[in-house]
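Below is one structure, written out as structure tokens; comments come after it.
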Amino acid sequence: MRVIGTAGHVDHGKSTLVEALTGTHPDRLKEEREREMTIDLGFAWMTLPSGEEVGIVDVPGHRDFIENMLSGVGGIDAALFVVAADEGVMPQTREHLAILDLLQIQGGIVALTKIDLIEDQDWLDLVEDDLRHLFSGTILAGSPIIRVSARTKDGLPALIDALVECLQDRPARPDLGRPRLPIDRVFSVAGFGTVVTGTLSDGRLRVGDDVEILPERLRGRIRGLQTHKRKEDVAIPGGRTAVNISGVNLDDIQRGDVVAHVSDYQPTQRIDVRFQLLSDASQSLGHNVEVKLFIGAAEIPARVRLLGKDMLNPGEEGWLQLELKQAVATIRGDRYILRRPSPGETLGGGIVVDPHPKGRHKRFAIGLIDQLESLAVGTPDEVMLQAVLALGAASVRDVVTRSSLEVEQANQAVKDLTGAGHLIWLEEKEGGISLESDLLVTSRTYYEQLANKMVNEVSSYHRTFRLRRGIPREELKSRLRLPTRLFNAVLRRLTKEGTLSEAGPLIFEPNHQIRFSPSQEKAVQELLAKFAAAPNSPPGVKEAQLEVGEELYNALIDLGLLTQVSNEVVFRTQDYEQMMSELQSLYKKQDLLTAAQVRDHFNTSRKYVLAFLEHLDQQGVTVREGDFRRLRTKR
Ligand code: GDP
């Protein structure tokens, strides 16, 4: 499941657009929740044409907009960046873009909205030029800009297409086996108790799990989980998730806290970070400055220790140690933003390099910066996992190259990751796996994503074509738009483990059964009665198709009730088998038979017998020799 977040200047039409896309106005969610008394996420969601659900995090345009936006934007897959056509680029347009860029949100689409207010096409072209200029060098460079109106609904289908395209090949969020849910809302629901919501990452939560709320370390248990208003037993990473927790008091939890399994995370009050000061920051950043840290859904006052430099100028990068007023549950690699408290201004942001530094660094200690640089790179396992995640599925050789690790380290990392189940070998080879081989590997997360897609496609085919046994392999491949090799590897794994079955050219779910409606059942019985009345000279293919329809006819073939032997001739399978066994008996008495002899035995016409025998020739059962046929003997 995917989550996108809206961004853009206040009043530029974000909420209205979300309402046009999802049918729900974000402002109305709170009221709705109270009325319905359900555990609602408080976030809108929509179902894409593919059937995939996408959660939308929208922050209504109140005060503190930027800070509100920050609490929701951390876990999103893509940004829906909204710009009103009548106003064009405004201050928050720039600021939000800078934030998305600092958080390295992977991709987005741009809605140039309110086009119903603009008559002059040249004006729209101008605004679009402005935007392209603004986006260059940012994560939105090259993103599609779609002209829409939430009011007239113009352009919405194109916007949805762009969304599908943008989310399509994004690998799923990794499951690292240590879930954490940064809480962006907390409330209580009558009859349920405490409910928190957020975007889940790094692992799964299950009903019944013992959890703790960090940094306070409050213990509780998961009573219920919901995703998009649906109850679930398990919540997977990347989705908008509501967690009903028992044993924890509402008043003790606040936005920014994190739900995690007991002892998975150690809260910290001091972190080492890589930092970039925005190039349009109003002033340089010095040592010992008070800032606000935004990380996950938390907002924490902090003091900056500027390491290795006296001053950081706008546009420059450097290293900071942040002393936090309150503890936070964060890990290496988390992205964060710093703002100046007043007057409010986004200063910049970056990445957490060490969430548990040994102590207060001496600002100019020898070797300090080198040490931080190498920490930023990570352990070989982490580097390797990043390489696998970035490539989706690739040959192990490419993964190793991408990781830039030394052979020995790479070897060990591959072993570790395979052992821990993070890395999956999609292909096997005699002689085992080797780092130089071109065998396909992928992350477990990506494999599960592909496997789910494949299984869903097959089951949706079953739902659409109830009378077909399964989806043709080639059709499945083209629907999934996967490279042949990857497709084959995933399918092989799924058939091997029994999740899918394959027979001839068809792929199906092992327990799928063709079911007839009562009227279809009646038609089938009537047709089969005609076959039973004349087993050796039954109705022809055309006649049968006309009688029950082509779909139903094909189902009878798929089910093995009918056996078609030529373009025109078809038998009931049981009659066909009876004929086969009688033919075998005839051959016991004599080695050679003419078509006429066979015809007389079955007391049927030449048409049926020729079709039957030619079919047997093709099957390699009989061989024709002039006017005669004999059984093909195994030599
Ligand atoms: P937000 O602050 O970005 O969420 O903006 P809103 O969605 O609240 O919209 C601000 C104003 O613009 C409201 O008065 C909307 O009715 C209006 N608006 C939003 N979308 C459109 C649109 O496509 N066309 C027109 N004409 N007005 C719009």
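All figures in this text were calculated on a predicted structure; none of them were measured in a lab. Start at 1 with the first residue, then count along the sequence. As the structure lists them, so they are numbered: ligands from 1, and atoms in each ligand from 1.
- For ligand 1, the polar-atom distance check finds an N/O of Ala150 within less than 3.5 Å of one of the ligand's N/O atoms.
- Residue Leu117 has at least one heavy-atom neighbour below 4.0 Å for each of these atoms of ligand 1: 26 (N).
- A salt bridge between Glu290 and Lys325 is present, with a side-chain N of the basic residue lying under 4.0 Å from a carboxylate O of the acidic one.
- Residue-level proximity to ligand 1 for Thr16 is carried by backbone and side chain together, each with a heavy atom below 4.0 angstrom.
- With distances taken over non-hydrogen atoms, the option nearest atom 2 (O) of ligand 1 out of Val82, Asp11, Thr6 is Asp11.
- Ligand 1 has a nitrogen or oxygen under 3.5 angstrom from a nitrogen or oxygen of Gly13.
- Look at Arg255 and Asp184 and you find no salt bridge, because none of the NZ, NE, NH1 or NH2 atoms lies under 4.0 Å from a carboxylate O.
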For this session: Start with the C-alpha distance between Arg94 and Asp280, add both sets of side-chain angles, then the distance that settles salt bridge (Lys or Arg N to Asp or Glu O under 4.0 Å), and finish with yes or no.
Result: CA-CA 10 Å; Arg94 294 176 189 281; Asp280 49 9; 5.6 Å; no
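- Which parts of ligand 1 touch Thr113 is read off a 4.0 Å heavy-atom cut-off, strictly below it: atoms 23 (O).
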Donor-acceptor list for residues 149-158 side chains, cut-off 3.5 Å, not counting sequence neighbours:
unit_1: Ser149; atom_1: OG; unit_2: Asp116; atom_2: OD1; d: 2.9
unit_1: Ser149; atom_1: OG; unit_2: Arg151; atom_2: N; d: 3.1
unit_1: Ser149; atom_1: OG; unit_2: Thr152; atom_2: N; d: 2.9
unit_1: Ser149; atom_1: OG; unit_2: Thr152; atom_2: OG1; d: 3.1
unit_1: Thr152; atom_1: OG1; unit_2: Asp154; atom_2: N; d: 3.3

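- Among Thr152, Asp116, Leu17, Asp154, the residue whose heavy atom sits closest to atom 25 (C) of ligand 1 is Asp116.
- Contacts of Asp209 classified as side chain to side chain donor-acceptor pair (under 3.5 Å), with partners at least two apart in sequence or in another chain: His261.
- With a 4.0 Å cut-off on non-hydrogen atoms, His12 touches ligand 1 through its backbone and not its side chain.
- The heavy atom nearest to atom 4 (O) of ligand 1, out of those in Gly155, Ala111, Ala20, Ser15, is found in Ser15.
- The two residues Val304 and Leu320 make their nearest non-hydrogen contact at CG1-CD2, 3.9 Å.
- In this pair, Phe135 and Phe81 present their aromatic rings perpendicular. The plane angle is above 60°, beyond the 30 to 60° band.
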